[in-house]
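First comes the structure, then the notes that go with it.
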Amino acid sequence: MAENQFTKLRKEKLAKIRAMGIDPYPVESARSHKIGEVLCDKESRVAGTERVILAGRLVAMRRQGKLGFGNLEDDSGKIQLYVSQNELGEDNYSLFKLCDAGDFVQAEGNLFFTQAGEYSLKCERITLLGKNIRPLPAVKEKIVDGKSIRYDEFADIELRYRKRYLDLLLNPEHRKVFELRSRIVSAARRYMDSRGYIEVETPILQPLYGGANARPFITHHNTLDTYLYLRIAVELYLKRLIVGGFERVYEIGKNFRNEGMDRTHNPEFTMMESYEAYSDLNGMMDLVEGLIKHLALDIVGKDTFVYQGHTVHLGGSWRRASMPELVKDATGLDVLTESEETLVAFCNKHELEIPQGSAKGKLIALIYEHFVEEKLIEPTFVCDFPKEISPLAKAKPGNPLLADRFELIIAGGEFANAFSELNDPLDQRERLEAQAKLRAMGDDEANVVDEDFLEALEYGMPPMGGQGIGIDRLVMLLTENDSIKEVILFPQMKPDHN
RNA sequence: GCAUCUUUAGCUCAGCUGGUAGAGCAACUGACUCUUAAUCAGUGGGUCCGGGGUUCGAGUCCCCGAAGAUGUACCA
């Protein structure tokens, strides 16, 4: 960014400060209290003679000649500084006069109430800890009846994403979203840990990618002179760990999918996947429902959320429904008994675009997605997916056309995906080879055949349940944000050419 | 990807049927020893998102492009 009038003036101040023999970026600081600490027990602190040293960012200045007020903020709170030449002496006060809103300072003195009754630090010494040379956007705040009214709010959405540090600094409600995200993720870890799961880390750079239908990012390793893929899912590696004898594993981490970006998609996003030996689809429903309810009720503290224009209730017992029945209720079509030709005709009639190489299973999913999914507002486990589009899931007992799989739908969107995992190595090979044929026919999101994974299965894998939850979307719901960019600190943005 | 809207000072915004750019805050100078959106007086500050075009004249009209938002299609 080019130098502007502001940075030029502040660099001149910097030179003046240095000419006074003061280092504007000293190594040492000596904070005795966080601001939040001294905001408690105000009366007794004022009555006593306790000296405190506070440190933080100067966020506002009100100067009047040989007296001035500033607001000092750290991550625990904000307090007013009372700065007078009488207390500081001329030299130190002249340093204060060179300070700007945005500087980091250390202030030493006693706590007192001003004539206006505001709890403040009466400064006896101001030390500069870090000079600012680019002014912060001038947001002003007034407290009326305990509620904050902000003027000239830093509100430009694009700037908020591109300069997230300013958003966090100037918009406390956005900082709270990320604090809550952090608590949600750590609570999810504790929830899994307390159920005997161990957290693992598997490769992000993979020689083959798999575990989902998606196009990958490709990168290159110089020393190996080989192409690698950024993972699109962790499924196949976690299953290898179950083969290796771990019975309960989970991973929370980034996946990368080389696809479009919009309100609910970022190219890199966070998933939690878990696998549990000797469990199955029902076990996964209990796990997912228990986890999300715990996060809502115990961490966020409520069970009703407004999301994407809908009011969603997470309390109560969640509905478990069958995809073919849902489709039948919505369209009258019995997708299990109707012929593929009938389904094609139905899709054509409703102008649903049929992807290349779609067989019956894909048609059923297509019809479901258009006529059912977006209408499912309250949490619903949609079971009985077509087996054909579930290449890593076991067949449903008693119905070879269906998979023992569910997706959790809330407010018309997918929040989790789970199966009774396929552990028959020969069946798995057939399914992946069928996927490879789809690829050959032009479906570039179909799975690839991972021989190393198939070999692992051949050594034997116990029956198990596995699930994946999209963490970003869960945080969107739990923080009531309709855009994924609001819950990712640094969302992917196109280069800014201006 | 397509459609619509937005882009003007550091921030938030105004700018009419085309006439040569404004406000508040921030900044700077001065006054001010209990202010708190401090106040008062004064001053400076612009690639009007970028590039073309029409016109005597374009922030404004037309075309191309960029970024963002929203809707829509596909993927979590």
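Predicted model only: the values in this text are computed from it and were never measured. By convention in this document, chain letters (A, B, ...) are assigned in the order of the sequence lines, proteins followed by strands, and residues within each chain are numbered from 1. When reading the values below, keep in mind they use all heavy atoms of this one structure, side chains included, and skip hydrogens, waters and symmetry mates.
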For [N] and [M], measure between their [atom1] atoms and round to the nearest Å.
N	M	atom1	value
A58(B)	A21(B)	P	12 Å
U12(B)	C2(B)	C1'	33 Å
A14(B)	A23(B)	C1'	7 Å
G50(B)	A67(B)	C1'	11 Å
U54(B)	U70(B)	C1'	32 Å
C32(B)	G46(B)	P	32 Å
U17(B)	U60(B)	C1'	11 Å
G24(B)	C40(B)	P	11 Å

Just how far, in rounded Å, is [atom2] of [N] from [atom1] of [X]?
X	N	atom1	atom2	answer
Phe112(A)	U33(B)	CZ	C1'	11 Å
Tyr151(A)	C13(B)	OH	P	16 Å
Lys362(A)	C74(B)	NZ	P	12 Å
Lys66(A)	A38(B)	NZ	C1'	18 Å
Asn447(A)	C75(B)	CG	P	15 Å
Leu9(A)	G10(B)	CG	P	13 Å
Lys8(A)	G10(B)	NZ	P	15 Å
Ile157(A)	C5(B)	CD1	C1'	13 Å

What contact category does [X] fall into here, base, sugar-phosphate, or nothing, at under 4.0 angstrom with non-hydrogen atoms?
X	answer
Ala155(A)	sugar-phosphate
Asp156(A)	sugar-phosphate
Met271(A)	nothing

Would you say the ring centroid of His350(A) lies under 6.0 angstrom from that of Phe346(A)?
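Between Phe346(A) and His350(A), which both carry aromatic rings, the centre distance is below 6.0 Å.
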Among [options], which nucleotide sits nearest the side chain of [X]?
X	options	result
Phe6(A)	C75(B), G10(B), U36(B)	G10(B)
Gln80(A)	C11(B), U33(B), U35(B)	U35(B)
Leu159(A)	C11(B), U33(B), A26(B)	C11(B)
Arg263(A)	U33(B), U70(B), C75(B)	U70(B)
Glu445(A)	C75(B), U70(B), G68(B)	C75(B)
Gln115(A)	C34(B), U33(B), U36(B)	C34(B)

If pairing requires Watson-Crick or G-U wobble contacts with both distances under 3.5 Å, which nucleotide is the partner of [N]?
N	value
C48(B)	none
U17(B)	none
A9(B)	none
U33(B)	none
A3(B)	U70(B)
U60(B)	none
C75(B)	none
C28(B)	G42(B)

Under-4.0 Å side-chain N/O to phosphate OP1/OP2 contact, [X] with [N]:
X	N	value
Arg62(A)	U35(B)	no
His370(A)	C74(B)	yes
Lys485(A)	A69(B)	yes
Lys140(A)	A38(B)	yes

With distance as the sole criterion, do the side chain of [X] and the base of [N] form a donor-acceptor contact below 3.5 Å?
X	N	answer
Asp152(A)	G24(B)	yes
Gln64(A)	U35(B)	no
Glu141(A)	U36(B)	no
Asp262(A)	C74(B)	yes

Glu276(A) vs Met464(A), test: side chain to side chain contact (heavy atoms under 4.5 Å, CB included). Steps then yes/no.
CA-CA 5 Å; Glu276(A) 178 175 338; Met464(A) 63 179 173; 5.7 Å; no
Student check: side-chain heavy atoms of Glu158(A) and Met493(A) closer than 4.5 Å:
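Yes, side chains in contact.
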Can a side-chain donor-acceptor contact be found between Arg150(A) and Asn171(A) if the only test is distance below 3.5 angstrom?
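A pair is found: one side chain offers a donor N or O, the other an acceptor, under 3.5 Å apart.
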Distance-only donor-acceptor check, side chains Glu199(A) and Tyr197(A), under 3.5 Å:
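Per modelled atom types, Glu199(A) and Tyr197(A) side chains form no pair under 3.5 Å.
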Which heavy atom in Leu67(A) sits nearest to a heavy atom in Tyr93(A), and how many Å separate them?
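Scanning both residues completely, I find the closest heavy atoms to be N-OH, 3.0 Å.
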Using heavy atoms to find the nearest nucleotide of RNA chain B for Gln492(A) and Leu366(A) separately, return the residue whose nucleotide is more 5′.
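Nearest nucleotide further toward 5': that of Gln492(A).
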Hey, which sits more toward the 5' end of RNA chain B by its nearest nucleotide, Gly65(A) or Met61(A)?
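Its nearest nucleotide being more 5', the pick is Gly65(A).
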Stacked cation flag [X] on [Y], 6.0 angstrom / 45 deg:
X	Y	answer
Arg63(A)	Phe96(A)	yes
Lys122(A)	Phe112(A)	yes
Arg405(A)	Phe385(A)	yes

